[in-house]
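Heads up: the structure comes next, in structure tokens.
Order of the sequence lines sets the chain letters (A, B, ...), proteins ahead of strands, with each chain counted from 1. Note that this is a predicted model, so its numbers are computed, not measured.
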4 protein chains.
Amino acid sequence: MKNNHSKSEDKHQRIIKAALKVFAKKGFYNSRVSEIAKEAEVADGTIYLYFKNKDDILISVFETEMMKMISNMKKELSKCHDPVEKIRIFAFQHLNMITENQEWAEVAQVELRQSSKFMREYVKDHYTDYINIFAYIIREGQEKGIFKEGINTGIAKRAFFGALDEMGRYWVLSRSKRYSVEESSEQISDMFIEGVMK
Amino acid sequence: MKNNHSKSEDKHQRIIKAALKVFAKKGFYNSRVSEIAKEAEVADGTIYLYFKNKDDILISVFETEMMKMISNMKKELSKCHDPVEKIRIFAFQHLNMITENQEWAEVAQVELRQSSKFMREYVKDHYTDYINIFAYIIREGQEKGIFKEGINTGIAKRAFFGALDEMGRYWVLSRSKRYSVEESSEQISDMFIEGVMK
Amino acid sequence: MKNNHSKSEDKHQRIIKAALKVFAKKGFYNSRVSEIAKEAEVADGTIYLYFKNKDDILISVFETEMMKMISNMKKELSKCHDPVEKIRIFAFQHLNMITENQEWAEVAQVELRQSSKFMREYVKDHYTDYINIFAYIIREGQEKGIFKEGINTGIAKRAFFGALDEMGRYWVLSRSKRYSVEESSEQISDMFIEGVMK
Amino acid sequence: MKNNHSKSEDKHQRIIKAALKVFAKKGFYNSRVSEIAKEAEVADGTIYLYFKNKDDILISVFETEMMKMISNMKKELSKCHDPVEKIRIFAFQHLNMITENQEWAEVAQVELRQSSKFMREYVKDHYTDYINIFAYIIREGQEKGIFKEGINTGIAKRAFFGALDEMGRYWVLSRSKRYSVEESSEQISDMFIEGVMK
DNA sequence: CATGAATGAGTCTTCATTCAT
DNA sequence: TATGAATGAAGACTCATTCAT
């Protein structure tokens, strides 16, 4: 059933995985399509049977990983119904995913911020979807009367995500991990929780 | 008096300014040295009288702007002695600088995160200097007994900076400005202040 | 049978041949890689599939031609066992090869003497191999008791080769050929033979 | 009297001397006009007050040195009237000049052979003048009835010069000097003398 | 005469993409 | 589908030469 083109599926996935690895190591502009091909153990030309061009590979990498993050986060949050607790879960999950997928973290750190043409639009939607998960939590808390009404979710969601993201950047760039996922997520969520609670 | 080499100074500065503009518009890798030269109204070769290579231009842009930000922020903070108020000033100033220097904001968003070779080291020091300004505020507040002892400044400074930075990214990427500097800085600093105060 | 990679072989050889032609006409430094490509009827980039860089092309031209000369000379000499006659053959063959391969003669005249980096070492070995062919003849003559013992082969081989080489230079530079290969080689070998014989 | 522009004379000579040094070390094409200027302790632009262009510098270097060689050789030969002895003197003097002016030797080895445009003509005359000094010796010997009539001076002069020149090349390239000027010149001239004498 | 900052034409080389097999 | 040799457009950088001072 899914086997009729499983070989192709394989190759498609293999290229994305290879690209993620290569992009993480060298950055998009310093990565060579031929390197990705080599890493994926396919011929250079084969890449172009699955992707329109180099940009398209990045987009695919991006979509693949972003969807993994979103579905993963949603799954974790669905286990719980307390907005306060959800904030803690979000923080922990986010940092945890980052540390468990360093390659993606490296790529995301840079590419999400590329101001270049195509990324702007492609990125925004998925990115917004992810970040809005947090916005819903805030709104939920406000609806339940636990969080301040005055909190602007548009600002708060970015502030919270930015805080976590910066922590991730630190880990990615310094490659050190002086602060554990547990401590970091706890401190950050504690600060936020106090900041948003009535 | 200061005119004895003002022409060279001029040209050096002109190139940096031009580079900032071009990098902001196209990103480092999509910028052409010849474009920078054109923008600076000098010949292509002239660039190489002032800079070792294209990378060197970026580094210079970076150092120039980063030092402006640091000295500016320090100046603004020196006017006040209340840690709580300082947090507000930091938030406001940071967002304000970003909106007033969109070009630098664009460049910083991307290039500071480039994981490529030379940037890693160059960036880190200045970046740390800047972010540590906030760490000192927290520590000051702790010493004065206003802020919780349990706050880990290493985490808090990143969380706070990240929150502001993400707000900046939003402005840069979306080019919209639904939230004003005032509202954004107030919301973000308020949340943090409540998060760190005893 | 030999066709399995004859196309690549072809291209490699074609580039070398084209380079020889272009180098001969303009000299290495005044030759453009794009000219070589054009002459070889390949794209500029194709050159770099077969050669590391421009220098590498020169080295390959050099090795190709030098090996031809050496094997050719050895073949001709193997037909004869008289050292005196061998001197005559060497002289004739050398001048003959030069006139039959003007392009190589032009390149060799200049590039073998380039004091630049890479050539120094590359050239020396092949060059020494070639010139030593003559040294063996002298030594052979000495062993057979025909040539003077006092002849220093290190000096004699260079003197003889230099004499022939200068004749070749004359032909190359003046493009005239007032003296025939036959007369030139005879006169030069005669002088040498009398000079070295007991 | 000659002082009114002795400073200019100075500079002209200084540049030639500097150029000789730089050309010797790097070769013409790898030498930079700015290096020559630096070596001569003048400004880059100053070079162009004394020379039309880079090529012109080489020509001047060439003419200066070649004239020195010719006048020097003639002076030495004028002391003696025996053609046989003159051959010995020529050989010794040539090799001696080469070893005493390594820089010129380096330049001459390469540049005399440059097939490029301007050199072809410029070089030829001086070069011929020099080499003809030897032709005269042969002819003189033939007139005196000492040397064989059958010797073709056009060939012999090149053979002899070539022999010496090759020895010079060996010293220049290998930078070793396993054979002394005395031994080398003696062996080479002895061989030739026997080769040309009746 | 002297300077040296400025110029910009010129070239090697890279690498995303194509296409014949 | 898969290959990988071939393409050629594009760009960073160099350096001989000029010219305003």
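Here the separation of F/dT21 from E/dC1, taken at their P atoms, is 23 Å to the nearest Å.
A donor atom on one side chain and an acceptor atom on the other are found under 3.5 Å apart for C/Tyr29 and D/Asn30.
Following rounding to the nearest Å, C/Asn30 (CG) and F/dA16 (P) show an atom-to-atom distance of 13 Å. If you measure from atom NE2 of B/His12 to atom P of E/dA6, you get 13 Å, rounded to the nearest angstrom. As a whole-Å value, the separation of D/Ile47 CD1 from F/dC15 C1' is 13 Å. F/dA16 atom P lies 12 Å from atom NZ of D/Lys26, rounded to whole Å. Nucleotide F/dC15 holds its C1' atom 15 Å from the NZ atom of D/Lys38, rounded to whole Å. Spacing between atom CG of C/Leu49 and atom P of F/dT7 amounts to 9 Å, rounded to whole angstrom units. The separation between C/Asp10 atom CG and F/dA6 atom P is 10 Å, rounded to whole Å. Counting to the nearest Å, the P atom of E/dT17 and the CD1 atom of A/Ile36 are 11 Å from each other.
Within the structure, a side-chain polar atom (N or O) of A/Lys11 is placed less than 4.0 Å from OP1 or OP2 of F/dA2.
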Do nucleotides 10-16 of chain E as a string where each nucleotide becomes B, S or -: B if the base has a protein heavy atom under 4.0 Å, S if just the sugar-phosphate does, - if no protein is that close. -SSBBSS
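Base pairing analysis places E/dA20 opposite F/dT3; the two distances defining the Watson-Crick or G-U wobble pair are each below 3.5 Å. Here F/dG11 sits opposite E/dC12 as a Watson-Crick or G-U wobble pair (both hydrogen-bonding atom distances under 3.5 Å).
Distance alone, capped at 3.5 Å, is enough to place a donor-acceptor pair between the B/Ser31 side chain and the B/Gly27 backbone. Under the 3.5 Å distance criterion, the side-chain polar atoms of C/Thr46 are left unmatched by any main-chain donor or acceptor of C/Val42. A side-chain donor-acceptor contact under 3.5 Å links C/Lys54 to the backbone of C/Phe28.
Among D/Glu106, D/Glu103, D/Glu35, D/Glu39, the single residue meeting the salt bridge (Lys or Arg N to Asp or Glu O under 4.0 Å) criterion with D/Lys26 is D/Glu35.
Listed by chain and number, the residues in a side chain to side chain contact (heavy atoms under 4.5 Å, CB included) with C/Glu41 are C/Arg14 (sequence neighbours excluded).
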When you look at C/Gln13 and C/Tyr50, which way does the side-chain contact (heavy atoms from CB on, under 4.5 Å) test go after all the steps? CA-CA 10 Å; C/Gln13 283 308 312; C/Tyr50 296 91; over 6 Å; no
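Comparing atom distances between the C/Ala43 side chain and each of E/dT7, E/dC1, F/dG8 picks out F/dG8 as nearest.
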